[in-house]
Student: 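Please find one structure pasted underneath; my questions will follow.
For ligands, and for the atoms within them, numbers begin at 1 and follow the listed sequence.
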Amino acid sequence: MWHDTGTGAWVIPAGLTVQPLGHLENAEGKRRIRNLLEVSGLIEHLVLLKPRVATEDEVLRLHTREYVDRIKSESANLGGDAGELTPFGPGSYEIALLAVGGCITAVDAVLDGKVDNVYALVRPPGHHAERDIGRGFCIFANVALAAMHARQVRGLTRVAVVDWDVHHGNGTEHAFYDDPSVLTISIHQDNNYPPASGAITDTGSGAGTGYNINVPLPPGSGVGAYIATFERVVVPALRAFEPELIFVASGLDASAMDPLASMMMTSDGYRKLTQAVLAAARELCGGRLVICHEGGYSPAYVPYCGLAIVEELAGVRTDLADPLLGLLEGFGGQELQPHQDAVIREAEKLVAGARPQPSRRR
Ligand SMILES: [Zn+2]
């Protein structure tokens with residue numbers, strides 16, 4: 001919560017023409033999820049895991065030495081920018097290592113059978129960070145590094161990452177683009193952020209061809225489009241791939257209340273996506289599911305989405321209701337629209353490509 005993104009106005013650095021307001025990626029949404037878990041009483045049903053700090057070697061599995069050293073030295077002084085739209089303050093290096101370590105802790109806890117599944121409420125987010133540059137508020141690639149831990153340290157043969165953040169999971173795609181052992185699926189608003197990233201035609205390269213699936217939904221997509229994407233693309237692709245562990249990169253910025261995107265998801269929509277991915281994990285990999293927090297910029301609404309997801313993971317429904325759900329469900333166009341259906345129909349063709357090659361099966 002102490003990671004400091006500065007005083008800029010949302011994503012614009014403060015200056016003589018921009019009055020300071022506060023960065024959109026701040027602690028509030030995350031802190032309020034934690035608080036709602038307490039107020040609802042759900043926290044009493046959860047096992048709280050203490051995250052550890054990731055080691056430098058763990059981060060160097062993906063990121064370059066030069067990049068890691070630069071973040072470390074700027075963080076030891078006044079802070080800086082990790083690359084593109086990623087301001088950070090003093091101490092953010094250590095905090096970013098804790099975010100990576102939190103996701104790694106989650107993997108170990110699930111694989112060791114300490115817990116059934118995990119929601120890793122970490123910050124800063126990670127899915128935009130690439131090998132040698134931080135992008136879109138992300139310093140280190142939390143989920144990609146946790147997937148590398150699962151593969152390289154824990155010896156899993158195949159893991160899958162489902163990214164429901166409204167922005168394209170370019171960093172995760174980038175980390176595994178030529179790797180057939182990690183299936184990456186990103187459902188995002190078409191060409192939002194990063195610009196010109198996340199096309200449906202980007203399916204992987206070399207041996208990794210077929211193991212990257214992008215579903216760029218049109219702006220305005222609601223719960224109907226998301227559920228259809230999961231039923232027709234995400235779950236069938238997971239079934240084809242047969243992962244031994246499933247990650248979710250959980251951005252809650254596809255909600256109808258988010259200032260950084262133009263989708264119409266609700267807390268109940270996220271509940272249904274959680275049910276779908278949880279059912280797939282139970283069917284395919286003993287329920288092993290690690291959900292890592294990413295974006296979400298409506299501090300008022302994000303906590304209700306987070307609560308719905310964690311309720312499903314815990315199998316406990318509290319009686320704390322989402323006070324905005326009725327309003328958002330009544331928005332026009334929540335059901336699947338023909339132009340959204342057309343994108344999903346194209347993405348359905350990619351499912352067969354996620355089947356592992358026989359030589360790669362254990
Ligand atoms: Zn996002």
Side-chain angles (χ1 to χ4, degrees), residues 3 5 8 10-12 22-30 32-33 82-88 96 99 103 119-130 133-144 146 161-175 184-199 213-222 225-226 229 234 247-267 269-270 273-274 277 291-306 309:
H3 167 54
T5 43
W10 285 16
V11 297
I12 315 165
H23 199 281
L24 269 183
E25 202 297 297
N26 58 56
E28 220 39 60
K30 276 63 72 174
R32 290 167 63 98
I33 290 180
E84 179 182 276
L85 293 173
T86 309
F88 65 89
C103 296
Y119 196 96
L121 185 56
V122 296
R123 180 172 176 265
H127 75 147
H128 294 309
E130 298 182 4
I133 184 173
R135 303 181 74 183
F137 325 150
C138 302
I139 297 178
F140 297 137
N142 304 329
V143 169
V161 179
V162 177
D163 187 325
W164 67 40
D165 188 286
V166 79
H167 305 104
H168 176 227
N170 62 294
T172 322
E173 172 181 285
H174 172 91
T184 48
I185 308 174
S186 177
I187 306 96
H188 46 267
Q189 184 183 327
D190 184 23
N191 200 18
N192 177 309
Y193 182 85
S197 182
I213 296 177
N214 285 323
V215 189
L217 292 173
S221 295
Y226 273 86
T229 301
V234 177
F247 289 91
V248 173
S250 175
L252 306 181
D253 41 12
S255 93
M257 304 300 282
D258 201 275
L260 277 187
S262 310
M263 300 302 223
M264 298 206 298
M265 277 283 280
T266 65
S267 64
Y270 279 109
L273 302 191
T274 308
V277 80
I291 305 192
C292 300
H293 195 78
E294 296 282 357
Y297 308 99
S298 167
Y301 196 60
V302 151
Y304 297 101
C305 300
I309 293 167

Student: Do any N or O atoms from the side chain of R32 and from the backbone of P299 form a donor-acceptor pair under 3.5 angstrom?
Tutor: yes

Student: Hey, which N, O or S atom on D253 ends up closest to the Zn ion (ligand 1)?
Tutor: OD2

Student: Just one of F137, W10, Y297 clears the ring-ring contact (aromatic ring centres under 6.0 Å, His included) bar with H23, so which one?
Tutor: F137

Student: Identify, by name, the N, O or S atom of D165 lying closest to the Zn ion (ligand 1).
Tutor: OD1

Student: Applying side chain to side chain donor-acceptor pair (under 3.5 Å), name anything that partners T184, two or more places apart in sequence or on another chain.
Tutor: N212

Student: Are D163 and E294 side-chain neighbours, meaning at least one heavy-atom pair lies under 4.5 Å?
Tutor: no

Student: How is the N/O/S atom of H167 that comes nearest to the Zn ion (ligand 1) named?
Tutor: ND1

